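Notes follow the structure.
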Amino acid sequence: MADGPYKYIRDADGNVSRVIRVGTRKSQLARIQTDSVVEKLKELHPDVHFEIVAMSTTGDKILDTALSKIGEKSLFTKELENALEKNEVDLVVHSLKDLPTVLPVGFTIGSVSYTVFSSTSEESFILKVAEIVVGTSSLRRAAQLKKRFPHLEFKDIRGNLNTRLKKLDEKDDFSAIILAAAGLRRMGWENRISQILGPEDCMYAVGQGALAVEVRARDQDILEMVSVLNDSDTVLRCISERAFLKHLEGGCSVPVAVYTEIKNSQLYLTGAVYSLDGSDSLKETMQTSISSDNQEKVDEKVQRVGITALKVSEAAQDAAVKLGVDLGNLLLSKGAKEILTVARQLNDAR
Ligand code: DPM
């Protein structure tokens, strides 16, 4: 059988079918996320054969460098994208929040979902003792919590989830750490959470809690296959968040936070920018209608902020992009650019 760029398998009856190879990083969380997506895809496509390919990435090797110092270089995604490009894998599962709002040409996010892996966006607080030194290297988390709880002290903490929990447990450097609740739940460590932080305490990062499947943009079959994972509310919320971040020219390491909600066919987007100590901030909310006409054609291959979401209303996706851009413009008109520029400069000088 001609192998070409793809891999095929022949079953006992001699039927040949394509093997879909799924790339993943090697961390425990990455493996858990990839397994959950593959399980779901198997359920929805019982006749497709899937194979998981685990790879080390530069991102893993330098995880001990604070994210805020790494900047926007997509270190976690580059090697996996190379593998996609070379047809060594056909899709890759990521945390949406780690994917830049502009992807390299040739790649797209074919599905975005909170529901594949019952996830939520909020932050969680894991507390050890009363005298509180909080471990986080997220500028966004530190800025918001410094403002709200001035008595807290903050210190950088690095490494993957396993490393961070170990540092909290075994060292006296930290009395608490802040992590995305979604990651802890996926690891089965929900019982470690001392407190869930709602948006009034700490708004989350763009895309937080959503799983994203990245594919080759030209690969229509795979794009259609993974589109079954799309849940339309998540797609629309995440598109508006990413459009907002992109418009502010923010990357994943600036103190920008969001909160989105869908109620009665209205999409609400709250966005905020902060100075590093949280003393200076801007926060606004806007909304848009996302009600869609069921007759509408929804399978055009249009990419919006890196996402090609088949099966989700095009009009609603356009409204979500516009909402993000409009909110970005509103904050820019109030001085967001200056706040972020100063934050970046101070952080680079640290
Ligand atoms: C990004 C940030 C962090 C991750 C920055 C931020 C947290 C870094 C830190 C863009 N990616 O949130 O302000 O605390 O030092 C990351 C986690 C997950 C995806 C872990 C976490 C799991 C949750 C998810 C790291 N990326 O934030 O606790 O899938 O959304």
Side-chain angles (χ1 to χ4, degrees), residues 24-25 27-34 36-37 57 59-60 62-77 93-101 109 112-126 134-146 154-165 167-168 174 176-190 192-193 196-197 202-213 234 237-238 241-242 245 250-260 272-274 276 278 340 343 347:
T24 180
R25 297 198 292 121
S27 79
Q28 192 183 348
L29 182 60
R31 298 301 304 260
I32 289 176
Q33 294 184 167
T34 303
S36 80
V37 166
T57 67
D60 292 312
I62 54 150
L63 249 182
D64 274 344
T65 311
L67 247 183
S68 58
K69 292 284 177 195
I70 297 171
E72 334 304 352
K73 296 181 206 103
S74 29
L75 289 167
F76 295 106
T77 53
V93 180
H94 303 279
S95 283
L96 179 64
K97 89 163 172 171
D98 295 328
L99 290 179
T101 55
I109 298 164
V112 176
S113 161
Y114 295 127
T115 48
V116 169
F117 206 136
S118 59
S119 303
T120 47
S121 317
E122 71 286 273
E123 304 287 7
S124 61
F125 198 74
I126 306 180
V134 184
T136 182
S137 38
S138 159
L139 303 179
R140 175 185 59 79
R141 288 170 177 150
Q144 292 183 81
L145 293 171
K146 272 177 193 165
F154 289 84
K155 219 158 116 178
D156 270 346
I157 187 167
R158 288 144 201 202
N160 62 34
L161 291 194
N162 310 58
T163 313
R164 290 187 191 206
L165 263 297
K167 284 182 178 167
L168 176 68
F174 306 102
I177 55 177
I178 309 166
L179 295 167
L184 289 164
R185 290 192 178 124
R186 288 173 200 152
M187 299 285 266
W189 295 340
E190 194 164 4
R192 297 289 321 256
I193 299 174
I196 290 284
L197 302 175
C202 187
M203 295 205 301
Y204 44 82
V206 166
Q208 184 160 313
L211 290 188
V213 179
T234 311
R237 287 172 56 186
C238 292
E241 294 174 8
R242 286 167 65 83
L245 183 65
C252 63
S253 63
V254 288
V256 170
V258 292
Y259 176 76
T260 47
V273 303
Y274 304 87
L276 290 188
L340 290 180
N347 184 51

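Just so you know, ligand 1 is whichever comes first in the structure, and atom 1 is the first atom listed for that ligand. Predicted, not measured: the structure shown is a model, and the values here were computed from it. Note that these values count all heavy atoms, side chains included, but never hydrogens, waters or copies made by symmetry.
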For ligand 1, indicate whether the residue [X] contacts it via side chain, backbone, both or neither (heavy-atom separation under 4.0 Å).
| X | answer |
| --- | --- |
| M187 | neither |
| R186 | side chain |
| R141 | side chain |
| L179 | both |
| A205 | side chain |

Approximate separation, where rounding is to 0.5 Å, of [X] [atom1] and [Y] [atom2]:
| X | Y | atom1 | atom2 | result |
| --- | --- | --- | --- | --- |
| T24 | R31 | OG1 | CZ | 6.0 Å |
| R158 | D156 | CZ | CG | 4.5 Å |
| L139 | Y274 | CG | OH | 13.0 Å |
| I157 | L168 | CD1 | CG | 7.0 Å |

Would you check if L197 and M203 make a side-chain contact, meaning some heavy-atom pair closer than 4.5 Å?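 No, every pair of side-chain atoms sits at 4.5 Å or beyond.
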
Close side-chain approach of F174 and V134, heavy atoms under 4.5 Å: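 A side-chain contact is absent here, since even the closest heavy-atom pair is not under 4.5 Å.
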
Nearest non-hydrogen partners of R141 and A180, listed with the distance: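 Where R141 meets A180 most closely, the heavy atoms are NH2-N, 3.3 Å.
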
Give the atoms of ligand 1, by number and element, whose distance to some non-hydrogen atom of [X] is under 4.0 Å.
| X | value |
| --- | --- |
| R164 | 9 (C), 14 (O), 15 (O) |
| Q208 | 30 (O) |
| T136 | 14 (O) |

Quick one: does R185 get a heavy atom under 4.0 Å from ligand 1?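 Outside the 4.0 Å threshold, so no.
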
Please say whether A180 places an N or O atom under 3.5 Å from an N or O atom belonging to ligand 1.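 Yes, since at least one N or O of A180 sits under 3.5 Å from an N or O of ligand 1.
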
When only distance counts, is G209 in polar contact with ligand 1, meaning an N/O pair under 3.5 Å?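 Yes; the residue has a nitrogen or oxygen that sits under 3.5 Å from a nitrogen or oxygen of the ligand.
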
N160 and Q28 side chains, donor-acceptor separation under 3.5 Å: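 No pair is found: no donor N or O on one side chain lies under 3.5 Å from an acceptor on the other.
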
